[in-house]
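First comes the structure, then the notes that go with it.
Remember, it's 1-based here, ligands and their atoms both numbered in the order they're listed.
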Amino acid sequence: MRCIAAPQQWIQSPCDVLVVAISDQWRNSPLVLELDQATGGFLGKLIDSGEVSTDPNQLTTLYSVLGVAASQLLIVGTGEQQNMPPRVANRAAGAAMKRIATMYRERVRFAGFSGTPIAERAALCGAMVACVGQDLFRQEKSLVQPEYCEWVGVHENNLLKGSVIGESINLTRKLVNMPANYLHPESFVEEIFRSGQQYKFEVEIWDKSKLEEERCGALLGVARGSSCEPRLAIMRYRGGDSTAPPIALVGKGVTFDSGGYSLKPSDSMLTMKCDMAGAATVLGIMQAAAMLNAKCNLVGVVGLVENMISGNAFKLGDVLMARSGKTIEIHNTDAEGRLVLADCLSVALDSQPSKIVDFATLTGACVVALGNDISGAMSNDKEWQSEITSAADEFGEYVWPLPMYDFFSEQIVGKIADIKNVGEGRWGGAITAAKFLQEFVGKTPWTHLDIAGPAFLDSAKAWCDAGGTGTLVRTFAEMLTRDTPEQG
Ligand code: BES
Ligand code: MN
Ligand code: ZN
């Protein structure tokens, strides 16, 4: 799908579907008034009578409206505010596009989405995400992208930047949606190479023997049960000052999490192809930053493994030695993400980053705490954490902090090794997991984002298919490409 500017004559020039975003205060919108006039007041009557709803994401299709050249007019409500915040724009555009994409259209046009640059780009991303479904392997797709998507009153820069970010979100979603028999460490690496070659960031791959040489014992321990060999990928993008330290983006890339010998029940295992969402998020952000020439230096580190069972798999009671030298007692082989991340974080530290952020579908406990729509933020640095939570708020995604009081660390003290890989019992499990990770970041400002809830949806939303969501790719792509150049 190509996102382009709409013709000046957006009401009179033909297209398949004309989408119009309409708020409760539509009478203050010159654009909606123009459309109302073109229809001889017909539109206004329908809204006033309640026939057309302006509630958020409510859709009304009108066919062959006199005065409008489009074959159909699709009204999408945006609720109270006349100036749409990014999240409202994202969802309204998504809801409209999801309806449109149920069949093939050549040319669709979106009006009423002009606003702040951030909101305009959020709308583009919403539309781009909404016309791509999770049914990668279905012969007849449930959603099809229109050929052209025209935008009325959206600035050229935002068309470009919004498209780039939307494409990156869809890359992350595609990888999350790929089943584990297609996406394993080796094929994930291919995707990283392809993106790096196309968009010019450096890619370094560590295979099993290099990982052994580097003494990545925690990551290797998890990988042992699988017939797929593990990989660790390092991505480097340089867009900032050549002497400035990079920001490190670290991702959990468990391409399938069976739980290992602490085997998951069938129902919980079913969707565990999504357990590489953190790594896919890092790739999505790297790609967006590179495509947009972000003025910062980045290093991405992702650990790619499959957590399986075999005669060679790691066992309960085993002791693993992480790359940092710390020894870890295995009390639960299903707490594998933190083991993979432990070594990734230590590799990230080699680049002496100014700060680290990691993305991981790390704990069910975080989903219990915050629900399916919110990522948990845990940090050793208030400032870096609030930079992230306020960016998410600004761009319209949900991130909420969880406390990192010292006493949580008492729970992960080991009996025969330095630390153990689970807390005492399951309460506060998202935080004890974060405390484990904190053992591997030294004094570097670090924020851990537990995306176990929002990374993968079991059921569809009005604005997005179920499956991978690409959560936080937009927030970080935006944050790293702010007009005021980022430090780092
Ligand atoms: N990958 C899971 C966490 C997860 C749960 C992701 C639900 C997405 C949706 C992780 O590896 C895991 O199994 N965590 C355990 C930790 C426990 C054994 C301490 C959990 O949350 O139960
Ligand atoms: Mn697990
Ligand atoms: Zn996992």
Numbered atoms of ligand 1 (with element) below 4.0 Å of Thr361, judged on heavy atoms: 1 (N), 2 (C), 3 (C), 6 (C)

Lys435 and Gln438 side chains, donor-acceptor separation under 3.5 Å: yes

Asp257 N/O/S atom closer than 2.8 Å to the Zn ion (ligand 3): yes

Ligand-side contact atoms (ligand 1) for residue partner Glu336, heavy atom cut-off under 4.0 Å: 11 (O)

Considering only N, O or S atoms of Asp275, the one closest to the Zn ion (ligand 3): OD2

Min heavy-atom dist Lys264 to ligand 1 below 4.0 Å: yes

Gln411 and Thr432: side chain donor to acceptor below 3.5 Å: no

Proximity of Asp334 to ligand 1 by residue part, where a heavy atom lies under 4.0 Å: both

Contacting atoms of ligand 1, where contact means under 4.0 angstrom from a heavy atom of Val422: 19 (C)

Heteroatom of Glu336 nearest to the Zn ion (ligand 3) (N, O or S, atom name): OE2

NZ/NE/NH1/NH2 to OD/OE distance under 4.0 Å, Asp275 and Lys264: no

Whether Ala335 has an N, O or S atom under 2.8 Å from the Zn ion (ligand 3): no

2.8 Å cut-off met by an N, O or S atom of Asp275 to the Mn ion (ligand 2): no

Close N or O approach (Asp275, ligand 1; < 3.5 Å): yes

Distance filter under 4.0 Å to Lys252 heavy atoms, resulting ligand 1 atoms: 1 (N), 10 (C), 11 (O)

Among Thr116, Asn90, Asn158, the one residue meeting side chain to side chain donor-acceptor pair (under 3.5 Å) with Arg121: Asn158

Sub-4.0 Å protein heavy atom near atom 14 (N) of ligand 1: yes

For Asn332, the ligand 1 atoms whose distance to one of its heavy atoms is below 4.0 Å: 18 (C)

Which segment of Met272 sits under 4.0 Å of ligand 1 when only heavy atoms are counted: side chain

Side chain, backbone, both or neither: the part of Arg338 lying under 4.0 Å from ligand 1 by heavy atom: side chain

Nearest-contact summary for atom 22 (O) of ligand 1 - protein heavy atom, Å: Gly364 N, 4.5 Å

Ligand 1 contact on Val254 by region, counting heavy-atom pairs under 4.0 Å: neither

